[in-house]
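Everything on this sheet refers to the single structure shown next.
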Amino acid sequence: MNEDNTSGARRSSSIASSARHGQRSSFYRRGSNWSEASFLTDVEMASEDVFAGPVSESVPTSVSSFAHQRPRAGSTTSFTYYEEGQDNGSSEEWLDELGVTEAQDDTEELDGTPEHDSELDSEESPSLRRKSSANSRSSVQAPLLRRRTSSDTDVTGYRREGRASQKIYIVTEDMTIVVAGFKTSILGLIIYTIICLMTAGLGYLLLRWLPRWRIRILGTSRPLRDADWVAIENQWGELEIQQLLKQDYGHSLSTVFGIQEKAGFEDYDADFDPVLNQLRSIDYRYIRFCFHPLKDKFVLGNAWKDPAWTDVKTIRLGLENDDKELRQRVFGQNMIDIKQKSVGQLLVDEVFHPFYVFQIASLILWSLDQYYYYAACIFIISVVSITTTLMETLATMRRLREISRFECDVRVQRNGFWRHVDSGDLVPGDVYEITDPSLTQFPCDSLLLSGDCIVNESMLTGESVPVTKIPATNDALDLLNLSASSMHPEVAKHMLFSGTKIVRARRPQDDKDDQAAALAMVVRTGFNTTKGALVRSMLFPKPSGFKFYRDSFRYISVMALIAAIGFIVSLINFIRLGLAPHLIIVRALDLITIVVPPALPATLTIGMNFALSRLKKRQIFCISPQRINVGGRLDVICFDKTGTLTEDGLDVLGLRVVQRPSGRFSDILQDPLSVLPSALYERDPTIDYRAHQAMLYTMATCHSLRSVDDELVGDPLDVKMFQFTGWQFEEGEQRSGAGDDDEPNSLAPSIARPPPGMEYCLSDGNDESGDKILELGVLKNFEFVPHLRRAGVVVRQYQSAGADVFVKGAPECMADICRPESFPEDYEELLGFYTHRGYRVIACATKSFSKMTWLKIQKMKRADAESDLEFVGFIVFENKLKPTSTGVIQELGDANIRKIMCTGDNILTAISVARECTLIDRTAHCFVPHFVEGDSRTPLAKLTWESVDNPVFQLDEYTLEPRPPPVDHDASLPYDISNLRNYSIAVTGDVFRWIIDYASDRVLKRMLVRGQVFARMSPDEKHELVEKLQSIDYCCGFCGDGANDCGALKAADVGISLSEAEASVAAPFTSRVFDISCVPEVIREGRAALVTSFSCFKYMSLYSAIQFTSVSFLYAFASNLGDFQFLYIDLVLILPLAIFMGWTGAYPILSQKRPTASLVSRKVLTPLLGQIIISILVQAVAFVAVRQQSWYIPPKVHKNHSGAKNSENSALFLMSCFMYILAAIVLSVGPPFRRSMAHNLPFVIAIVVTLLISLYLLLDPAPAVLRFMDLTNISNNFKIFVLVLAVGWFACAYGTEKFVFPAMARWIGSVQARLWPKQRKKRKEYKVVFENMRI
């Protein structure tokens, strides 16, 4: 380490001794918790916490979406600068080598042996828990990276002076990177300079394109602590070189990394807080890593938490200026500021791209060969292309900067005083006011401290439903863990995410609150925020794992090899003919520009760009264009139910109330007056109406609605439920969250009032207290939590000393919280009646306290409130299918694309909706599993699989195949029993969890192949379902509304979010049309884009092969095509045909056949090579035939230039012109993936016009045109011969393309399978599983 970064560290045996006994001091005020948990390779990617199942989606946020990403296909596991398991040496070091200065005046030294990571030390044994798939995060035993001991964790080449490289897994990006340290070698720099100068810059270009070679020449590997620059490589092989950012710091280590995280050494004590003289950091893809000198590695910086964040009242005081300056140096400005390159930089990057360098070399070559007109035209086209690309790049970057960059003035408390500062100056720990009218969106990730807020998080989640945020409590501060992969639900409801719009912010109205403003505290800034993650996902989209582009460049390399062979042959021939040396070189090099056409790479994106524009017209937006091609390969689509297949708004069908004292359900009650008549004489005297009253009160109070501009906003189900009551709602004020000991009058509760005419609470005759004003005040709210599947409130009536608890939730959860005697006997039967018919059922329960103080209510725990309840009835909602759902599902079924429903709703409701929309066969059995022994947490639990229509029909628990029904049972059904062949499976979340964790692989795979409905699924389980489907080779899509589906949408190969936002972090595709009609559109356009790219690529390859053949024949006698002949071919023929070929739209009907996705497959290469062979033979016929003619004009060999005016040139040029045009027709793919060519009017016009021009050149050109085009006169008979030969070639090419070559490809495949059985293509695993399950 440099001496200026190191001073006087000592070893202290006394400190070491105390550390070994686990003695740790309390935090310093300026300490922090910069945690690495969940981010580095040595961390278990587990979900063992209490809240690990349903995460923050109870309050829709995007936080959890970043944790639900699987490693994409095509990623590599080997890194250039990292080798697994090479760290076997000692890591004993001295602190004076680590760049820290002792803060105390201590003369003893500190032992510097690295400590085993605490996460590793606490790793659990596997026990009976079976690991999930390699892509799953749900089990401790399934880490994303191989677990190693701490001695070799993320270290390689560990020298005595420190590690030279480090591997880091960044969970929010689902990316593994390796950081390797280097210093510039003086000798290497000299060699690099000599190479660049001696090759006239060519060496610079090659080393620019091959950065690993440049590093090898320039760099000397050094320990990370001594390095001047680093090479960063990710798992996709993308390499980046960065200078280390170094700044003088001079403050304690704890101000950057925190007290706890200093415990990187076994013999280290928290009292020892050394000074960090120099802060070393890197910013990779706008993610900051700071070098920890004690741990000798880079630490991710977006999880920093101040240990002083423990008390809400204390942190309201804000920061001192000194703290602000310090934190700004560590975290930087609070700006999502994309570095925009200058026009000059962009121009250099564009011009130095291999494509344009090849163009420039070709232009020089053509100029030397006196092809001035052709070179000038190509130069103009290249300039226009570069200019257009630059303008598009600048416009895109400008738009992205406008979306991402947000600056405003905020009112911040600093040094105890309020002042206005620019939002870019905010740092973690700053306290600012959110009720400023000029503040329209949040400038950073913040924690709400006081007041309340309603926000729109659609940009992050795709969910446009307003979300309510309430003030944080001290308990929430304790749970705040910014290093976790998902936000705790108790914290998420207090978090204000950067970029989310403020719908409403209100000041607190606590009498004792000395700050009459809504306050928030900054916790993350800049690119560390969730909005920053969205921008990063746009700037750095993950490789899709699609092989087409890789295969295309493989093909180009093969063509380049052919060009090299042609180069050598031509070179030998020209030397034989005695041509001038400069002409030999120019001619031979020109052959390379013909075989590898410069426009070839551009044609790969034509189909994709046209598909993008067509999707945009249909209100479908895409932030990851590469995924369009993947959409054409989808095998299975998972759909959310509510809001996706069915309408968002559920209509209340009615209530079924438990009538007391009979204990039976009432008839369906379809209006509030039938539930609770307003007059006593209208009530049945034999019925106790307290249950009816509780039902109505539950509907009026147990919800999360808020009033914005006199309009209720919130969950659509809550809105419909409250509107059914006809009551009025007055929103109260939220507590400041500081504590539970405030006085009752410091809280203004939300109040529900009955409609006019029902203002008084009528007694039922048993109550002697008489009538009183009816007002219900909500004193405590228990938010809906997905894994509990219920929400509750504590309510007090006006002038009452008691309190009532009202709870609503899933009927399945009521058995755990209600008294058994309160359930009617026909509870299950009635629930099944409605759920079987597709209705959504919500259960209600209540209990009362005769006397309850306000303080006791505030301190009441959820478990106490939601226990020993009395069940009072069902609310039945009618969940209507969207009009397009059934048609789209049938269309996907006809295309043999599997459909799956994945919902959080009741399983019987889900099955009913699935049958209604034909997602599962209405006449076939659907089997549902139940636990007969144990539960989802019992490894040796036992399942039984029964038909929902007749339990007599069951599946074998080991094979999931139907058992024959017992002969002594009535097996009659309202449909044909033979439909057992098409049976399906419906699974609940708890069974899914058990099968993932404990069942055999055979059962798991069969469940995945046969499962059609997955109900009661938490957001994590939806995500894991997608991963499991992908693990058996499904190409999986997911369509949802974005709120609870963020993880699944991100994990899917193609995720489509139904959202108002044009770009959402939830998915690569966003549809503003809120139904599933977007799914077949994406598949259609994906298939069209895929076959268009293949067609254009094949056309450009065939074009280059035809031209290569023509030129090769002419080179035999030192001839060539003329300047304007090249110009005519490239600009008049090829350019419009190649562009308009991709214009053809997608075929409206989805086919069961899927397009091939591999360019090097037999289906593609066999026809292409066949067409090339046919074209060579046809040109050979023309070449030989013209030499037999009496008017034949032979080529004249000139030593210094090539003559173009000869009969061979004319014959081959005219013949090839027809081949170029007709090849576009042959290779233009139509149904079943694209519309027929006739629908593409520009393409048809281009074909007709070019054919007419070519016919004119052949049949009757003017003498001036003959001279201009370097053509010779040919006889009329030979003109007819050329025309017949062209028509014959077209017929042969078209027939073989459609019939012969596909059959030949299949025959080659079968022969290959017989000769080399081991090389047979591996079948997709789900197909094998499905065939093994056929009855």
Side-chain angles (χ1 to χ4, degrees), residues 634-642 644-646 835-836 838 879 881 885-886 888-930 943 945-950 953-955 959-962 975 979-992 995-996 999 1003-1017 1021-1022 1024-1030 1032 1034-1040 1045 1048 1052 1076 1079 1326-1327 1329-1335:
L634 289 178
D635 303 306
V636 61
I637 304 286
C638 300
F639 294 98
D640 182 33
K641 183 178 76 70
T642 307
T644 303
L645 293 172
T646 61
T835 53
H836 265 288
N879 198 188
L881 277 174
S885 294
T886 302
V888 170
I889 294 295
Q890 288 175 342
E891 183 181 7
L892 294 174
D894 293 342
N896 201 25
I897 296 173
R898 189 176 163 210
K899 302 89 55 190
I900 289 176
M901 181 189 292
C902 188
T903 178
D905 208 345
N906 178 278
I907 191 167
L908 295 177
T909 302
I911 292 170
S912 174
V913 172
R915 279 179 167 165
E916 187 180 352
C917 69
T918 70
L919 190 141
I920 57 177
D921 192 337
R922 296 180 184 181
T923 64
H925 280 282
C926 182
F927 292 91
V928 176
H930 305 283
L943 290 173
W945 301 73
E946 298 177 345
S947 171
V948 294
D949 301 292
N950 190 339
F953 292 91
Q954 295 185 353
L955 296 181
T959 64
L960 300 193
E961 293 175 3
Y975 42 77
N979 261 334
L980 264 177
R981 184 179 296 274
N982 299 321
Y983 73 96
S984 58
I985 289 173
V987 178
T988 54
D990 55 348
V991 174
F992 176 79
I995 291 176
I996 293 291
V1003 170
L1004 170 62
K1005 289 173 182 177
R1006 291 187 170 212
M1007 181 267 291
L1008 291 170
V1009 167
R1010 280 288 186 179
Q1012 294 293 101
V1013 174
F1014 293 84
R1016 293 300 186 205
M1017 298 283 280
E1021 288 162 349
K1022 289 182 180 182
E1024 193 160 7
L1025 171 64
V1026 170
E1027 285 188 339
K1028 295 299 179 186
L1029 290 169
Q1030 290 166 332
I1032 56 172
Y1034 275 112
C1035 185
C1036 181
F1038 194 99
C1039 182
D1045 307 322
I1076 62 170
V1079 173
Y1326 73 86
K1327 291 183 179 179
V1329 174
F1330 186 78
E1331 287 181 0
N1332 292 336
M1333 293 184 72
R1334 283 185 176 171
I1335 301 172

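Side chains are part of it too, since the values below use all heavy atoms of this structure and drop only hydrogens, waters and symmetry mates.
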To the nearest 0.5 Å, what is the distance between [atom1] ([X]) and [atom2] ([Y])?
X: Glu1021; Y: Glu1027; atom1: CD; atom2: CD; answer: 13.0 Å
X: Asn982; Y: Asp921; atom1: CG; atom2: CG; answer: 6.0 Å
X: Glu961; Y: Arg1010; atom1: CD; atom2: CZ; answer: 8.5 Å
X: Cys1035; Y: Leu1029; atom1: SG; atom2: CG; answer: 11.0 Å
X: Ile995; Y: Asp990; atom1: CD1; atom2: CG; answer: 10.0 Å
X: Phe927; Y: Leu955; atom1: CZ; atom2: CG; answer: 4.5 Å

[X] side chain near [Y] side chain, heavy-atom distance below 4.5 Å:
X: Tyr983; Y: Met1333; result: yes
X: Val636; Y: Ile900; result: yes
X: Tyr1326; Y: Leu1008; result: no
X: Leu960; Y: Trp945; result: yes
X: Ile889; Y: Ile1076; result: yes
X: Gln1012; Y: Met901; result: no
X: His836; Y: Ser912; result: no
X: Leu1025; Y: Cys902; result: yes

Can you name the nearest heavy-atom pair linking [X] to [Y], along with the distance?
X: Ala1048; Y: Val1026; result: CB-CG2, 4.0 Å
X: Pro929; Y: Val987; result: CD-CA, 4.2 Å
X: Phe1014; Y: Met1007; result: CE2-SD, 3.5 Å
X: Ile1032; Y: Lys1005; result: CG2-CG, 3.9 Å
X: Thr886; Y: Cys917; result: OG1-CA, 3.6 Å
X: Leu634; Y: Gly1037; result: CD2-N, 3.7 Å

*Does a side chain donor of either His925 or Ser947 reach within less than 3.5 Å of an acceptor in the other side chain?*
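Yes, side-chain donor-acceptor contact under 3.5 Å.
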*Decide, yes or no, whether a salt bridge links Lys1022 with Asp640 under the criterion of side-chain N to carboxylate O below 4.0 Å.*
yes
*Residues Thr835, Ile907; criterion side chain to side chain contact (heavy atoms under 4.5 Å, CB included); working and verdict*: CA-CA 8 Å; Thr835 53; Ile907 191 167; over 6 Å; no
*asked:* Closer than 3.5 angstrom, by distance alone: can the side chain of Ser885 be matched with the main-chain N or O of Leu645 as a donor-acceptor pair?
replied: yes
*Got a donor-acceptor contact below 3.5 angstrom from the Arg1016 side chain to the Gly989 backbone?*
no
*asked:* Please enumerate all residues that pass side chain to side chain donor-acceptor pair (under 3.5 Å) together with Glu916, with sequence neighbours excluded.
replied: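 Testing Glu916 for side chain to side chain donor-acceptor pair (under 3.5 Å), a comparison that skips the adjacent residues, returns none.
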*Scan for salt bridge (Lys or Arg N to Asp or Glu O under 4.0 Å) pairs involving residues 895-914, sequence neighbours excluded, and state none if there are none.*
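As it turns out, the salt bridge (Lys or Arg N to Asp or Glu O under 4.0 Å) pairs with a partner in residues 895-914, which skip direct neighbours, are Lys641-Asp905, Arg840-Asp905.
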_Just to verify, what does Asn1332 make a side-chain contact (heavy atoms from CB on, under 4.5 Å) with, not counting sequence neighbours?_
Arg1006, Val1328
